[in-house]
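Below, read A as the first sequence line, B as the second, and so on, with proteins coming before strands; counting in each chain starts at 1.
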Protein chains: 2
Amino acid sequence: MATKETKERILDAAEQLLVEHGFGGTSIRGIASAAGVNLASINYHFGSKEALIQAVFERRVGPVNEERLRLLDQLEQSASDGPLPVAGITEAFVHPALGLRRLDDSQRRVLQCLLGHTISLPSGKARDAFLEQFSEVVQRFTIALGRALPDLTPQEVLWRFFFMVGTLVQTLAMAEDMPRISRGLCGETDAEAMERWLVPFIAAGLKAPAAEVRLEADDA
Amino acid sequence: MATKETKERILDAAEQLLVEHGFGGTSIRGIASAAGVNLASINYHFGSKEALIQAVFERRVGPVNEERLRLLDQLEQSASDGPLPVAGITEAFVHPALGLRRLDDSQRRVLQCLLGHTISLPSGKARDAFLEQFSEVVQRFTIALGRALPDLTPQEVLWRFFFMVGTLVQTLAMAEDMPRISRGLCGETDAEAMERWLVPFIAAGLKAPAAEVRLEADDA
DNA sequence: GTCTATATGGGGATAGAC
DNA sequence: GTCTATCCCCATATAGAC
């Protein structure tokens, strides 16, 4: 029993420090100190710093992606076999990242910052492992988007999917700075408000007319 | 003369290493070695590691923001005093980041990664200094957007501006991973192709109908 | 499983000769 | 302005007692 508690305390402390100081700025010494555990126990339980970081990501990102797939399943059952509504797909993707109801505010913020940090991580094992966790979500959502937007080429569907990812992730990462940047005009960083603004923006972008075809290839 | 060359060599080496290894993963020792200069000369010329990093950002971000403002000026002159076209505003913001024609491919990539890294930096002096560099761009573009989208509240205009920022920045940061994530479907990371996909998406999002008003405040 | 102690290496910054 | 040499701190990881 002591083991489980220690591991979770380490994970909790690690993710908080990661949010505050970033990847390179977080040391396992600091994590051990914040968690109230011994320095050596971190390597005992996780093997290395990199493996610990990865465990932190998995603990938070896994449930979000599961929820996304679950919402997409629901949507597909409602629509029997027709194309899905774009706004619904958008919501299924955005909502779990913003609004996991089981998380309190500070935990949600943690998740937001983790996503922002990690996705602009330099290349390496950490980044690879992170991207791998999203492969099923990428596949399922791009298929759904492709059916909902039949006028787009597969390439443009994929690009637009990643525009959605980018809009979401970067907004999460910048949320904490919004009040300062906007000089007080925008102070709402709570998940509900952000979702209210985000979904219409993304859905409209997804539904935009297809980009013009390049002229260089006139062989069709 | 030797001074100028040394400073530039340091900046060149620093930005390349920052792109490859991120902020925390880059040491001034490594920078000095890559630049072929003495370790002590970095502190002599820049004072500290943090000041050096800041100089790296300023050298690249400054011209991009100047170009943005210049394009916005052009647009305003064309439209005399009417509202600006949304697609034009979008292009004025997106184009300089993607397509500074004077930069070769590797330099452009540097800029992309720098933006991605920095914007998800943890709080601190580096982040503050970075955000400060954008204050004029934020102000000018939100005003232009507000006039082009008179149905939106100032809050929603500002949120949408930052959605645009997020879409752009995150796309730049992820561009290098697109071929792998898409399993070869999307391999175009060149600036021209990205702009062709990006602008319609963002412009459509910006022009989306206003979000529903919250119900809690019915005092108007 | 948990601790102390330490091995081993790298980091930023600087003093002082040239 | 540029170099060598060094101070001092911090990092990760592990060995070995309990």
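Counting only distance, with no hydrogens or angles, the side chain of B:S33 and the backbone of B:R29 share no donor-acceptor pair below 3.5 Å. A donor-acceptor pair under 3.5 Å is absent between the side-chain atoms of A:R68 and the main chain of A:A92, judged by distance alone.
Between A:T6 and C:dT2 there is a side-chain N or O to OP1 or OP2 distance below 4.0 Å.
Atom CD of B:E136 is surrounded by 12 or fewer heavy atoms from other residues, nucleotides or ligands within 6.0 Å.
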Query raised in the report: How far apart are the C-alpha atoms of A:R147 and A:E76, what are their side-chain angles, what is the distance that settles it, and do they pass the salt bridge (Lys or Arg N to Asp or Glu O under 4.0 Å) test?
Result: CA-CA 11 Å; A:R147 294 185 61 203; A:E76 282 172 347; 5.6 Å; no
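As rounded to whole Å, 10 Å separates atom P of D:dT2 from atom CD of B:E5. Rounded to an integer number of Å, the gap from B:H21 NE2 to C:dG10 C1' is 15 Å. Atom-to-atom, CG of A:L17 to C1' of D:dC10 comes out at 16 Å; the value is rounded to the nearest Å.
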Quick one: which protein N/O atoms are closer than 3.5 Å to N/O atoms of nucleotides 11-14 of chain C? Pair and distance per line, please.
residue: C:dG11; atom: OP1; partner: B:S27; partner atom: OG; Å: 3.1
residue: C:dG11; atom: N7; partner: B:R29; partner atom: NH1; Å: 3.4
residue: C:dG12; atom: OP1; partner: B:I28; partner atom: N; Å: 3.2
residue: C:dG12; atom: OP1; partner: B:K49; partner atom: NZ; Å: 3.3
residue: C:dG12; atom: OP2; partner: B:I28; partner atom: N; Å: 2.9
residue: C:dG12; atom: N7; partner: B:R29; partner atom: NH1; Å: 2.6
residue: C:dG12; atom: O6; partner: B:R29; partner atom: NH1; Å: 3.2
residue: C:dA13; atom: OP2; partner: B:K49; partner atom: N; Å: 3.0

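A distance of 9.5 Å separates CD in B:E192 from NE2 in B:H95, rounded to the nearest 0.5 Å.
Salt-bridge check for A:R70 with A:E66: failed, with every basic side-chain N at 4.0 Å or more from each acidic carboxylate O.
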